[in-house]
Visitor: 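Have a look at this one before I ask anything.
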Amino acid sequence: MIEYVTRMFSYPFMVRALAVGLLVSLCAALLGVSLVLKRYSMIGDGLSHVGFGAVAVASALHLAPLAVAVPVVVAAAFLLLLLGESGRLKGDAATAVFSTGALAVGVMVMSVSTGMNADVNNYLFGSILAASRQDVAVSVVLSVLVLILYVFFYEKLFAVTFDETFAKATGMKTGVYNALLAVLTAVVVVLGMRMMGALLISSLIVFPALTAMRLFRSYRSVILGAVAFSLLGFLAGIGISFGWGAPAGASIVVVDMALFGICSFAAWLRRR
Amino acid sequence: MEQFCIQCDHVTLSYENQAVVSDLSFTVEEGDYLCIIGENGTGKSTLMKGLLGLKKPSSGSIVLGEGILRSQIGYVPQQTPVQRDFPASVWEVVLSGTQNSRGWRPGYGKREKELAGEKLELLGISELRSKSFRDLSGGQRQRVLLARSLCAAKKLILLDEPTAGLDPLVTEEFYHLLLDLNRSQHITVVMVSHAIQEALGHADHILYLSQDSYFYGTPLEYAASRAGQRFLKRCKGKGGRP
């Protein structure tokens, strides 16, 4: 076991993957609790598809993927939020339109420019080899920023999640905090996308929150529980991925699913 | 002369040019206990949004009394399904009511914690403090939301059908609790209500909304009025609810 872990860390790409992965898992778990409780679970999925489209276009134009994807996905998050508020295109329909549209554009651009190659596979299903040295620097800075903003606005985000009408009536600028939530989510989705894969990143947001909600009953304990489950799922998943050569994203999701199953069973036992 | 808390002057509220509430004028005095009643679809909840400042009147004006800030109005909502299984402790929920006095600062200070503790004590729910909101009974949940609104409010609380879905005994208790707060803490209460008998039994004033007109007066005046007699007769057939 110890030997296995030492061997894992002897590869520089594994160290990079762990650094980025742990930070992104942490941020995703924090935001996930708010998103699940606000019934926005699918927003992560929608944004990741937009991210796929942006990355495809960036690689066709030989630009840095993160530099293109972060602003594009943040803009998409804003648009989804605005559409949801104006009510002309209802939330889930808007997400569906965005995600499938962006996915289609991404696939078109890729097949015309480079052909459907291994890259496409990596973008869709993730790869632990994806993080370059430069990516790591950007990812660490951005996720630390997400973390700081989240902690600073923790109480406000709780108020807006629990009861938006009350928050608004007592003078809080709820629009600002909803926008903050959308922007932070967009950033985390883009950062996690290349390792987890565009099709799987939203599980990083949804599973830890749901698992923690089976077991814990106060908001703070759900948040801390989600963080713990997220980190555990990531570490176990990446270990499996390294050992069996399975894609990292899928391995992590399988572990998350198992944790969710175990905790649901434990909650069921406790209720009896 | 008593000071007023809210003054509505020829207020019309509408959705996409359809007037839901039209040409409504009334004044809520300081220390008043007002219940807003009426049938479904007569704009009670819309009026509540107007009073909360979440919806601008399309004509007329809603003015708050001197020394009352928008952010210092307490609000007790109808419960939403989202809240019923929200994982939060009673303490976290009540404390979130003090948010309006924090501004941009993160966290909660000693003052906020004392305030929240005080309100829990006042409503007799101190022992629920570390319980989870989703494990409470309907009546306990409403007390918690009331405690939260008192953390935000200095003088005035607005309630939107707070007892919907509660059994008659708990409803009666809740109205009594409000009357108690109203008298002992001098808090002005404005409530949209479904429970007609309890409303008539506890309120100082009644605002009755119907499709094309409205009535404002004391419960006695209301019960004697033609609109009141017609409405009450209809309610009686349905167990006291419209």
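Below, chains carry the letters A, B, ... as their sequence lines are ordered, and counting in each starts from 1.
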Visitor: What part of A:Phe153 gets closer than 4.5 Å to chain B, counting heavy atoms only: side chain, backbone, both or neither?
Guide: side chain
Visitor: Can you find a pair of side-chain heavy atoms, one from A:Thr170 and one from B:Ser149, that are under 4.5 Å apart?
Guide: no
Visitor: For the pair A:Glu155 (side chain) and B:Pro106 (backbone), establish whether a donor and an acceptor sit closer than 3.5 Å, ignoring hydrogens and angles.
Guide: no
Visitor: Checking B:Leu145 against chain A: side chain, backbone, both or neither under 4.5 Å from a heavy atom?
Guide: side chain
Visitor: Using non-hydrogen atoms and a 4.5 Å limit, figure out which bit of B:Arg148 sits close to chain A: side chain, backbone, both or neither.
Guide: both
Visitor: Checking heavy atoms, do the side chain of B:Trp91, its backbone, both or neither come under 4.5 Å from chain A?
Guide: neither
Visitor: Does B:Asn100 reach the side chain of A:Met172, with side-chain heavy atoms less than 4.5 Å apart?
Guide: no
Visitor: What's the shortest heavy-atom distance between B:Glu92 and A:Tyr219, and which atoms?
Guide: OE1-N, 2.8 Å
Visitor: Can you check whether B:Ser89's main-chain N or O pairs, donor with acceptor, with A:Ser218's side chain at less than 3.5 Å?
Guide: no
Visitor: Mind running side-chain contact (heavy atoms from CB on, under 4.5 Å) on A:Thr161 and B:Phe86 for me, showing each step along the way?
Guide: CA-CA 10 Å; A:Thr161 308; B:Phe86 199 98; 3.8 Å; yes
Visitor: Can you tell if the side chain of B:Ser96 reaches within under 4.5 Å of the side chain of A:Phe158, non-hydrogen atoms only?
Guide: yes
Visitor: Which answer fits B:Gln99, side chain, backbone, both or neither, if we ask what part of it has an atom under 4.5 Å from a heavy atom of chain A?
Guide: side chain
Visitor: Given 3.5 Å as the limit, does a donor-acceptor pair link the side chain of A:Lys168 with the main chain of B:Leu52, or not?
Guide: no
Visitor: When heavy-atom pairs shorter than 4.5 Å are enumerated against chain A, which of B:Ser130, B:Ala152, B:Gly107 gives the highest number?
Guide: B:Gly107
Visitor: Using a 4.5 Å cut-off on heavy atoms from C-beta on, say whether the side chain of B:Pro87 contacts that of A:Arg217.
Guide: no
Visitor: Using non-hydrogen atoms only, which part of A:Phe152 is less than 4.5 Å away from chain B: side chain, backbone, both, or neither?
Guide: both
Visitor: Going by heavy atoms in the side chains, are A:Thr165 and B:Pro77 under 4.5 Å from each other?
Guide: no
Visitor: Identify which part of B:Leu54 has an atom lying under 4.5 Å from any heavy atom of chain A, answering side chain, backbone, both or neither.
Guide: side chain
Visitor: Under a 4.5 Å heavy-atom cut-off, does chain A meet the side chain of B:Val93, its backbone, both or neither?
Guide: both
